[in-house]
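Since we're looking at a predicted model, the values are computed, not measured. To find a chain, count down the sequence lines: A is the first, B the second, and so on, and within it residues start at 1. Values reported hereafter were calculated over all heavy atoms of this structure, with side chains retained and with hydrogens, waters and symmetry mates removed.
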Amino acid sequence: MPPKKRQRKEKGSAEPAPKRTKTSKSTGTEDQPVYTHWLMKSEPESRIEGGVDVKFGIEDLKKEENQISCWDGVRNYQARNFMKQMKIGQLAFFYHSNCKVPGIVGIIKIVKESYPDHTQFDKKDIHYDPKSKKDDPRWHMVDVQFVRMLKRYIPLSELKEIHHKHKDSGGPLKSLALFTRARLSVQPITKEEWDFIMSLENKKQ
DNA sequence: GCCAACGTTGGC
DNA sequence: GCCAACGTTGGC
């Protein structure tokens, strides 16, 4: 018999498989979980990359018109694929990364579903992708809107401590993507993880 | 299609 | 600023 067909869990990485959309026989077998909550990372502190400041913290989002911004510049296939799954009205944690005290700072919601990221076609943009074609854009983004700040900042260190405990006890944060897929800038959050993290908001640390 | 080299992310 | 982890690229 032929070799096992790989059982690609749900990585969605490197874009090698040219899409199995209309070829696959059993169309309905989306064995990937359907996520309804997300976590999105952004840097709240100034850092110059290619002559441009990449800083975009939650305070910067609040200053945007209607407190809405597009989430451009994502150049990772897994992260892009998660953005493609996002639906209007879904909630995400706004996470501050690459800063003194990384952690979850607030809540945002999806207000526009995935559409082509214009920066991939802009030669002057650091996220310019010469291999992306106008009629077949490689990179997509969503629009998000500020919802509210968390009642208290939930630092990564606290989540990590809980994650470690839950790995032993089987608690809700046992496989939180922040630790199992640390480098992903757009991550899925299960309902159980969301609810648990939300419950931390009211506990004093 | 393997895998070494390279580049990037992001915690510390 | 260091560097581990890991995604991406390209030679073979």
Side-chain angles (χ1 to χ4, degrees), chain A residues 1-20 32 35 38-61 71-85 92-106 108 114 117 119-133 136-142 144 150 152-167 173-189 193 197 200 205:
Chain A
M1 57 148 77
K4 288 274 172 345
K5 70 161 183 293
R6 217 86 219 299
Q7 194 62 359
R8 262 303 50 175
K9 301 264 320 216
E10 57 119 58
K11 267 335 204 188
S13 45
E15 194 78 337
K19 248 151 246 149
R20 28 78 231 211
Q32 313 187 353
Y35 293 105
W38 311 95
L39 179 146
M40 302 172 83
K41 297 181 181 175
S42 192
E43 303 185 31
E45 294 175 4
S46 284
R47 187 171 65 81
I48 306 302
E49 191 181 318
V52 177
D53 194 347
V54 298
K55 169 182 185 293
F56 190 77
I58 200 161
E59 294 304 326
D60 299 298
L61 175 60
W71 205 265
D72 62 335
V74 171
R75 294 295 181 268
N76 169 284
Y77 290 109
Q78 288 186 53
R80 179 204 65 180
N81 293 347
F82 284 133
M83 284 202 295
K84 284 184 170 181
Q85 296 172 35
F93 288 127
F94 196 111
Y95 178 91
H96 278 170
S97 67
N98 216 358
C99 55
K100 292 267 184 41
V101 185
I104 296 171
V105 62
I108 56 182
S114 99
D117 177 341
T119 64
Q120 70 196 301
F121 303 119
D122 180 357
K123 287 198 175 64
K124 291 174 307 231
D125 196 283
I126 41 169
H127 298 295
Y128 174 62
D129 182 351
K131 288 191 274 194
S132 185
K133 296 285 177 311
D136 186 20
R138 178 177 302 196
W139 304 109
H140 293 73
M141 62 187 183
V142 296
V144 301
L150 289 192
R152 69 178 182 91
Y153 190 68
I154 301 182
L156 180 67
S157 56
E158 180 180 346
L159 293 168
K160 183 182 278 183
E161 223 174 276
I162 298 168
H163 168 66
H164 281 129
K165 280 188 212 146
H166 284 192
K167 275 199 294 184
L173 300 194
K174 63 177 186 298
S175 46
L176 194 67
L178 262 183
F179 307 107
T180 58
R181 306 156 87 168
R183 293 179 37 186
L184 255 193
S185 66
V186 175
Q187 310 186 342
I189 297 274
E193 290 166 344
I197 293 170
L200 296 175
Q205 172 67 3

Heavy-atom side-chain contact between [X] and [Y] under 4.5 Å:
{"X": "A/Leu176", "Y": "A/Leu39", "result": "no"}
{"X": "A/Gln187", "Y": "A/Gln78", "result": "no"}
{"X": "A/Leu156", "Y": "A/Tyr95", "result": "yes"}

**Item:** Sidechain N-carboxylate O distance under 4.0 Å for A/Asp129, A/Arg75
**Value:** no
Interatomic distance, [X] [atom1] vs [N] [atom2] [rounded to whole Å]:
{"X": "A/His163", "N": "B/dG11", "atom1": "NE2", "atom2": "P", "value": "14 Å"}
{"X": "A/Leu184", "N": "C/dG7", "atom1": "CG", "atom2": "C1'", "value": "10 Å"}
{"X": "A/Arg47", "N": "B/dT8", "atom1": "CZ", "atom2": "P", "value": "11 Å"}
{"X": "A/Phe56", "N": "B/dG10", "atom1": "CZ", "atom2": "C1'", "value": "19 Å"}
{"X": "A/Glu49", "N": "B/dG7", "atom1": "CD", "atom2": "P", "value": "14 Å"}
{"X": "A/Gln78", "N": "C/dA5", "atom1": "CD", "atom2": "P", "value": "18 Å"}
{"X": "A/Asn98", "N": "C/dA4", "atom1": "CG", "atom2": "P", "value": "17 Å"}
{"X": "A/Tyr95", "N": "B/dG10", "atom1": "OH", "atom2": "C1'", "value": "8 Å"}

Given [options], the nucleotide with the shortest approach to the side chain of [X]:
{"X": "A/Ser185", "options": "C/dT8, B/dG10, B/dC12", "result": "B/dG10"}
{"X": "A/Asn76", "options": "B/dC12, C/dA5, C/dT8", "result": "C/dT8"}
{"X": "A/Ser97", "options": "B/dG11, B/dT9, B/dC12", "result": "B/dG11"}

**Request:** Rounded to 10°, tell me the angle between the two end axes of the helix from B/dG1-C/dC12 to B/dC12-C/dG1, each built from five pairs.
**Result:** 10°
**Prompt:** Checking all strands, does A/Phe179 fall into the base, sugar-phosphate, or nothing category for heavy-atom contacts under 4.0 angstrom?
**Reply:** nothing
**Request:** Would you tell me if any nitrogen or oxygen in the side chain of A/Tyr77 comes within less than 4.0 Å of OP1 or OP2 on C/dC6?
**Result:** no
**Asked** Does a nitrogen or oxygen in the side chain of A/Lys41 sit under 4.0 Å from OP1 or OP2 of B/dG10?
**Response** yes
**Of A/Lys131 and A/Thr180, the one whose closest DNA chain C nucleotide lies more 5'** = A/Thr180
**Message:** Ring centroids only, cut at 6.0 angstrom: are A/Trp139 and A/Tyr77 within range, meaning strictly under it?
**Reply:** yes
**Prompt:** What about the rings of A/Phe82 and A/Trp71, do their centers lie closer together than 6.0 Å?
**Reply:** no
**Request:** Examine distances only and state if a side-chain atom of A/Gln120 and a backbone atom of A/Arg138 form a donor-acceptor pair shorter than 3.5 Å.
**Result:** yes
